[in-house]
Engineer: 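Here you go, one structure.
Atoms within a ligand are numbered from 1 in the order they appear, just like the ligands themselves.
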Amino acid sequence: MTDPAAGLSIRRIGPEDGATLNALAETDNLFDEDPAVAPSVALTPDGARDFLADPTVLFWLAQVEDLTVGFLHCCVQRRRTHGPWAELLLMEMGTHAGYRRQGIGRALIAAMEDWMRANGVRDVWVPADTSAVGFYRKCGFATDEGEILVKELH
Ligand SMILES: CC(C)(COP(=O)(O)OP(=O)(O)OC[C@H]1O[C@@H](n2cnc3c(N)ncnc32)[C@H](O)[C@@H]1OP(=O)(O)O)[C@@H](O)C(=O)NCCC(=O)NCCS
């Protein structure tokens with residue numbers, strides 16, 4: 001296994017990286033808290049390009065050489081009131097199960113924060129899995145009032 005400290009790169013991917021996004025989908029169970037779950041179903045090539053071309057989508061990959069070892073996906077949400085023009089919703093992130101606790105998650109959060117500073121965005125929200133709360137706290141997140149609810153239509 002490669003030492004991520006040597007040669008870790010974080011890059012934001014764009015519409016030309018659809019194949020990389022779809023390759024990640026095929027093994028994204030390895031980035032889940034429970035790697036026994038089934039991997040996701042990838043988008044079509046056009047769907048992946050359109051997803052990454054969407055200006056409200058921010059997607060970073062952590063790579064060691066050509067190997068993807070982590071990812072972070074945020075959604076840009078415009079605000080309707082005075083103040084910063086938008087805030088971020090951190091939709092999903094994961095570090096490959098074989099590379100955890102080596103600073104990759106923190107490096108992905110730092111890349112997101114660099115984007116926030118460069119783009120005048122101050123707040124980022126995350127609906128966190130319970131098992132990941134300790135990680136987010138280490139990265140400076142705090143608990144807000146209220147609860148995050150979800151409804152799925154059947
Ligand atoms: C949560 C996750 C992304 C963290 O990634 P990581 O690359 O292991 O994180 P880092 O190595 O950068 O850790 C940064 C700090 O958080 C700590 N940390 C990491 N995971 C933690 C956890 N689950 N609980 C408490 N602390 C944690 C690390 O020890 C480190 O602390 P330190 O800087 O004081 O040494 C990773 O465990 C993961 O992919 N989990 C499964 C998917 C998941 O839960 N994603 C989040 C969904 S909301």
Engineer: Step by step, work out the ring-ring contact (aromatic ring centres under 6.0 Å, His included) result for F71 and H96.
Structural biologist: CA-CA 9 Å; F71 72 94; H96 186 292; over 10 Å; no
Engineer: To the nearest 0.5 angstrom, please state how far the SG atom of C139 sits from the CD atom of E113.
Structural biologist: 7.5 Å
Engineer: What is the closest protein heavy atom to atom 23 (N) of ligand 1, and at what distance does it sit?
Structural biologist: S131 O, 3.0 Å
Engineer: List ligand 1 atoms under 4.0 Å from G94, heavy atoms only on the residue side.
Structural biologist: 39 (O)
Engineer: Looking at atom 6 (P) of ligand 1, what's its closest protein heavy atom, distance included?
Structural biologist: T95 OG1, 3.6 Å
Engineer: For C139, is at least one N or O under 3.5 Å away from an N or O on ligand 1?
Structural biologist: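 So ligand 1 has no N or O lying under 3.5 Å from an N or O of C139.
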Engineer: What residue and atom, counting heavy atoms only, is the protein's closest point to atom 17 (C) of ligand 1, and at what distance?
Structural biologist: K138 CG, 4.0 Å
Engineer: Using a 4.0 Å cutoff against the non-hydrogen atoms of F31, which atoms of ligand 1 qualify?
Structural biologist: 39 (O), 41 (C), 42 (C)
Engineer: Please could you name the atoms of ligand 1 that G105 approaches to less than 4.0 Å, counting only its heavy atoms?
Structural biologist: 5 (O), 6 (P), 7 (O), 9 (O), 12 (O)
Engineer: Would you mind telling me if ligand 1 is within reach of the side chain of F71, the backbone, both or neither, using heavy atoms under 4.0 Å?
Structural biologist: neither
Engineer: Would you mind telling me if ligand 1 is within reach of the side chain of E92, the backbone, both or neither, using heavy atoms under 4.0 Å?
Structural biologist: neither
Engineer: Nearest to atom 15 (C) of ligand 1 by heavy atom, R106, M91, R137: which?
Structural biologist: R106
Engineer: Before signing off on this row, confirm whether V126 and ligand 1 have an N or O atom pair separated by under 3.5 Å.
Structural biologist: no
Engineer: Among all protein non-hydrogen atoms, which one is nearest to atom 11 (O) of ligand 1, and what is the separation to 0.1 Å?
Structural biologist: G103 N, 2.8 Å
Engineer: Got a donor-acceptor contact below 3.5 angstrom from the W85 side chain to the N119 backbone?
Structural biologist: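 It does hold such a pair.
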Engineer: Should the proximity of D32 to ligand 1, defined as any heavy atom under 4.0 Å, be assigned to the side chain, the backbone, both, or neither?
Structural biologist: backbone
Engineer: Return a yes/no value for A107: is any of its N or O atoms, backbone included, closer than 3.5 angstrom to an N or O of ligand 1?
Structural biologist: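 There is no such contact.
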Engineer: Using a 3.5 Å cut-off on N or O atoms only, is R101 in polar contact with ligand 1?
Structural biologist: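 In this structure, R101 places an N or O atom under 3.5 Å from an N or O of ligand 1.
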Engineer: Check whether any side-chain N or O of D17 sits under 3.5 Å from a backbone N or O of G14 as a donor-acceptor pair, and report yes or no.
Structural biologist: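 Here the side-chain-to-backbone pair exists.
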Engineer: Step through the shown structure and confirm whether more than 12 heavy atoms of other residues, nucleotides or ligands are within 6.0 Å of CH2 on W115.
Structural biologist: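 Atom CH2 in W115 is crowded, with more than 12 foreign heavy atoms closer than 6.0 Å.
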Engineer: Should you measure from each heavy atom of Y136, which atoms of ligand 1 turn up under 4.0 Å away?
Structural biologist: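 Under 4.0 Å from Y136, ligand 1 has these atoms: 46 (C), 48 (S).
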Engineer: Out of curiosity, L72 CG to L90 CG, how far, rounded to the nearest 0.5 Å?
Structural biologist: 4.5 Å
Engineer: What I'd like to find out is whether the side chain of M93 reaches to under 4.5 Å of the side chain of I109, using heavy atoms alone.
Structural biologist: yes
Engineer: I'd like to know whether T143 forms a side-chain hydrogen bond (donor to acceptor under 3.5 Å, both in side chains) with R137, so could you lay out the CA-CA distance, the side-chain angles of the two residues, the decisive distance to 0.1 Å, and finally the verdict.
Structural biologist: CA-CA 9 Å; T143 304; R137 286 194 187 286; 2.5 Å; yes
Engineer: Nearest protein heavy-atom contact for atom 37 (O) of ligand 1: which residue, which atom, what distance?
Structural biologist: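 Going atom by atom, the protein heavy atom closest to atom 37 (O) of ligand 1 ends up being R100 CD, 3.3 Å.
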Engineer: Any idea which atoms of ligand 1 are less than 4.0 Å away from a heavy-atom of E33?
Structural biologist: 40 (N), 41 (C), 42 (C)
Engineer: CZ of R11: more than 12 outside heavy atoms within 6.0 angstrom?
Structural biologist: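 Yes, because the 6.0 Å sphere around CZ of R11 holds more than 12 heavy atoms from other groups.
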Engineer: Q102 heavy atoms, cut-off 4.0 Å: which ligand 1 atoms fall inside?
Structural biologist: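 Those qualifying, in numeric order: 11 (O).
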Engineer: Indicate whether any N or O donor in one side chain lies under 3.5 Å from an N or O acceptor in the other, for S131 and D129.
Structural biologist: no
Engineer: Using a 4.5 Å cut-off on heavy atoms from C-beta on, say whether the side chain of L52 contacts that of F59.
Structural biologist: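 Answer yes - side chains close enough.
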Engineer: Test of understanding: clusters of I, L, V, M, F, W, Y form through side-chain heavy atoms closer than 4.5 Å, transitively. Do I13 and M91 belong to the same one?
Structural biologist: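 Cluster IDs for I13 and M91 differ.
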Engineer: Who's the nearest protein heavy-atom neighbour of atom 44 (O) of ligand 1, and how far?
Structural biologist: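 The closest one turns out to be A132 CB, 3.7 Å.
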Engineer: Counting only N and O atoms by type, is there a donor-acceptor contact under 3.5 Å from the side chain of D28 to the main-chain atoms of L24?
Structural biologist: no
Engineer: Considering only non-hydrogen protein atoms, determine which one is nearest to atom 45 (N) of ligand 1 and report residue, atom name and distance to 0.1 Å.
Structural biologist: M93 O, 2.9 Å
Engineer: Looking at atom 35 (O) of ligand 1, tell me if a protein heavy atom falls under 4.0 Å from it.
Structural biologist: no
Engineer: So which of L108, T68, V69 actually passes side-chain contact (heavy atoms from CB on, under 4.5 Å) with L61?
Structural biologist: T68
Engineer: Identify the protein heavy atom lying closest to atom 4 (C) of ligand 1, giving its residue, its atom name and the separation to 0.1 Å.
Structural biologist: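 I find the closest protein heavy atom is F135 CD1, 3.6 Å.
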